[in-house]
Novice: 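Pasting in a structure now, in structure tokens, and then I'll have a few things to ask.
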Amino acid sequence: EHCFRVDKSFFLFFVGYGCSKYNLSCSFFYLQKRMWLQNFVTIFLLLPVTVLATSGTFGLDVSQPYTSKQWSCLSTTTNRTWGVVRSWHSYGGFDTNAPATLSAAKTAGLTMDVYLFPCFTKDPKAQATDMVNKLSSSSWNSVWIDVETNPSTGCGWSKNFTANCQFLQTMITSLTSTGTAVGVYSSHFEWGAVMGTQCEIANHLPLWYARYDSVGANCEDYKTMPFGGWLRAFAKQYSDHGDAKATKCGFKGADMNVIC
């Protein structure tokens, strides 16, 4: 689980991506020490720990179910060791395929995250907590909030950038309050269309950005068109039409990614 007790009365440990500036996975240690007949003393520490997905790691993200055989093929015949699975539909509902797909990928040895495509007209806190609860028995590291134009009827973002930014803040807070590691997926165009140019409330979180250009599988192009207050990115989605090796394993048309 993303939040667990090391001791029944004394410790809580929250794992999260944090040091995106250095491509590090960080842990937020929320430490409660109970003294005899005294109040809790609360200490917050921010310490770097083992990187879950390192610079140069290749991966892909999927919105459809895949089997352990397909993930095993990917693991043994390609250099892709990081995967991201859709866990929340753009219409504001849990993706029931996510648990089985995560389990299959774990069996194949991949490092797995999930992504949440929020519906603006539904409560952001309820969407966040519902997703976390329904994935409580699954193995995954982080959730990426998908910030882009929503195609689902009745779920589109508002025309008010401030309201959209506040919605995102609420969702981030709701997720992190459960001990869930959070990042943001978007692009220069989509962020501008949804959040405008003033919203920088998420720039302390890892950024996974989409950009399909001649630069390909590296992140040198981010600095030419930064957005959202991020100085650099954590990962890049550099293709939306798969590659030959992934296609042979059944991942036809999957999005291709690389850790910066």
Side-chain angles (χ1 to χ4, degrees), residues 52-53 57-120 122 127-128 130-156 171 175 180-187 190 208-212 216-217 234-259:
L52 297 179
T57 296
F58 286 85
L60 51 72
D61 62 276
V62 298
S63 58
Q64 302 298 320
Y66 290 91
T67 66
S68 56
K69 181 179 180 180
Q70 290 171 308
W71 287 111
S72 294
C73 174
L74 189 77
S75 177
T76 57
T77 65
T78 78
N79 61 349
R80 301 190 185 279
T81 58
W82 172 52
V84 188
V85 172
R86 183 179 63 192
S87 59
W88 197 261
H89 289 280
S90 58
Y91 57 74
F94 181 64
D95 189 332
T96 56
N97 291 316
T101 301
L102 287 168
S103 178
K106 180 183 179 181
T107 300
L110 279 81
T111 298
M112 299 302 293
D113 291 343
V114 299
Y115 75 87
L116 185 165
F117 201 152
C119 173
F120 178 78
K122 295 186 177 182
Q127 292 181 81
D130 191 25
M131 188 214 72
V132 171
N133 289 339
K134 289 180 177 177
L135 286 177
S136 61
S137 297
S138 298
S139 179
W140 51 284
N141 294 317
S142 298
V143 56
W144 298 87
I145 302 174
D146 190 341
V147 178
E148 61 179 311
T149 304
N150 191 315
S152 294
T153 303
C155 281
M171 178 161 279
L175 288 165
T180 301
V182 182
V184 173
Y185 167 85
S186 194
S187 69
E190 294 291 353
W208 168 26
Y209 76 108
R211 190 168 299 169
Y212 315 136
F234 177 83
K236 176 185 179 181
Q237 184 184 89
Y238 63 90
S239 171
D240 63 351
H241 55 267
D243 66 10
K245 289 183 178 180
T247 297
K248 285 184 178 180
C249 293
F251 294 88
K252 184 178 181 179
D255 298 326
M256 303 286 103
N257 303 292
V258 65
I259 303 296

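All values below come from the heavy atoms of this structure, side chains included, with hydrogens, waters and symmetry mates left out. The structure presented is a predicted model; accordingly, all values stated were derived computationally and were not measured.
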Novice: Check whether any side-chain heavy atom of Ser63 lies under 4.5 Å from a side-chain heavy atom of Tyr115, and answer yes or no.
Specialist: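 Side chain of Ser63 against side chain of Tyr115, heavy atoms only: contact under 4.5 Å found.
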Novice: Is Lys122 paired with Asp130 through a side-chain N to carboxylate O contact shorter than 4.0 Å?
Specialist: no
Novice: Roughly how far, to the nearest 0.5 Å, is CZ of Phe120 from CE of Met171?
Specialist: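 Met171 CE to Phe120 CZ: 11.0 Å, rounded to 0.5 Å.
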Novice: What is the distance from atom NZ of Lys134 to atom OG1 of Thr96, rounded to the nearest 0.5 Å?
Specialist: 9.0 Å
Novice: Can you measure from CG (Asp113) to CG (Leu102) and round to the nearest 0.5 angstrom?
Specialist: 9.5 Å
Novice: If you measure from CD1 on Ile145 to CH2 on Trp208, what distance do you get to the nearest 0.5 Å?
Specialist: 12.5 Å
Novice: Please examine the side chains of Pro151 and Ser90, heavy atoms only from C-beta on, and report whether any two atoms are closer than 4.5 Å.
Specialist: yes
Novice: Would Val114 and Trp88 count as a side chain to side chain contact (heavy atoms under 4.5 Å, CB included) if you check the C-alpha gap in whole Å, the side-chain angles of each, and the deciding distance to 0.1 Å?
Specialist: CA-CA 9 Å; Val114 299; Trp88 197 261; over 6 Å; no
Novice: Might you point out which heavy atoms bring Tyr209 and Arg211 nearest each other, and give the distance in Å?
Specialist: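 That would be CE1-CB, 3.8 Å.
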Novice: Counting C-beta onward and ignoring hydrogens, is there a side-chain heavy-atom pair between Thr81 and Thr111 closer than 4.5 Å?
Specialist: no
Novice: Could you give me the CA-CA distance, side-chain angles and deciding distance for Asn257 and Trp82, then say whether side-chain hydrogen bond (donor to acceptor under 3.5 Å, both in side chains) is met?
Specialist: CA-CA 9 Å; Asn257 303 292; Trp82 172 52; over 6 Å; no
Novice: Counting C-beta onward and ignoring hydrogens, is there a side-chain heavy-atom pair between Asp243 and Phe58 closer than 4.5 Å?
Specialist: no
Novice: Are any side-chain N or O atoms of Thr78 and backbone N or O atoms of Lys245, one a donor and one an acceptor, separated by less than 3.5 Å?
Specialist: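 Not a single qualifying donor-acceptor pair exists.
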Novice: Please check this pair: side chain of Asn97 against backbone of Gln64, looking for a donor-acceptor N/O pair closer than 3.5 Å.
Specialist: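 No; judged by distance alone, with no hydrogens or angles, the pair does not exist.
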Novice: Give the minimum heavy-atom separation between Cys119 and Gly154, together with the two atoms involved.
Specialist: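 So the two residues come closest at SG-O, 4.2 Å.
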Novice: Between Thr149 and Phe117, what is the shortest heavy-atom contact and its length?
Specialist: O-CZ, 3.7 Å
Novice: On a heavy-atom basis, which atom in Ala254 and which in Leu60 lie closest, and how many Å separate them?
Specialist: CB-CD2, 4.3 Å
Novice: Between Gln237, His241, Lys236, which is the residue that forms a side-chain hydrogen bond (donor to acceptor under 3.5 Å, both in side chains) with Tyr212?
Specialist: Gln237
Novice: Mind checking what makes salt bridge (Lys or Arg N to Asp or Glu O under 4.0 Å) contact with Asp146, not counting sequence neighbours?
Specialist: none
Novice: Is any side-chain heavy atom of Leu110 closer than 4.5 Å to a side-chain heavy atom of Ser75?
Specialist: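 Leu110 vs Ser75: side chains touch.
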Novice: Please report the closest heavy-atom contact between Thr67 and Ala104, naming both atoms and the distance.
Specialist: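 Smallest interatomic distance, heavy atoms only, reads C-CB, 3.6 Å.
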Novice: Closest approach of Ser187 and Ala210, non-hydrogen atoms and distance?
Specialist: CB-O, 3.4 Å
Novice: Once rounded to the nearest 0.5 Å, what's the spacing between atom CE of Met112 and atom CG of Asp61?
Specialist: 9.5 Å
Novice: Do the side chains of Tyr185 and Glu148 get nearer than 4.5 Å, heavy atoms only?
Specialist: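 Contact flag for Glu148/Tyr185 side chains = yes.
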Novice: I would like to know whether Phe234 and Val184 meet side chain to side chain contact (heavy atoms under 4.5 Å, CB included); could you show each step before the answer?
Specialist: CA-CA 10 Å; Phe234 177 83; Val184 173; over 6 Å; no
Novice: Output, in order, the C-alpha distance, side-chain angles, deciding distance and verdict of side chain to side chain contact (heavy atoms under 4.5 Å, CB included) for Val62 and Phe251.
Specialist: CA-CA 8 Å; Val62 298; Phe251 294 88; 3.9 Å; yes
Novice: Determine yes or no for a side-chain-to-main-chain donor-acceptor pair under 3.5 angstrom, with Ser186 supplying the side chain and Val147 the backbone.
Specialist: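 Yes, Ser186 side chain to Val147 backbone: donor-acceptor pair under 3.5 Å.
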Novice: Quick test of your reading: applying disulfide bond (SG atoms under 2.5 Å apart), list the pairs with at least one residue in residues 74-113, sequence neighbours left out, ordered by first then second residue.
Specialist: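 Output for this query is empty, none listed.
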Novice: Rounded to the nearest 0.5 Å, how far does OG1 of Thr57 lie from CZ of Arg80?
Specialist: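 So the CZ of Arg80 and the OG1 of Thr57 are separated by 11.5 Å.
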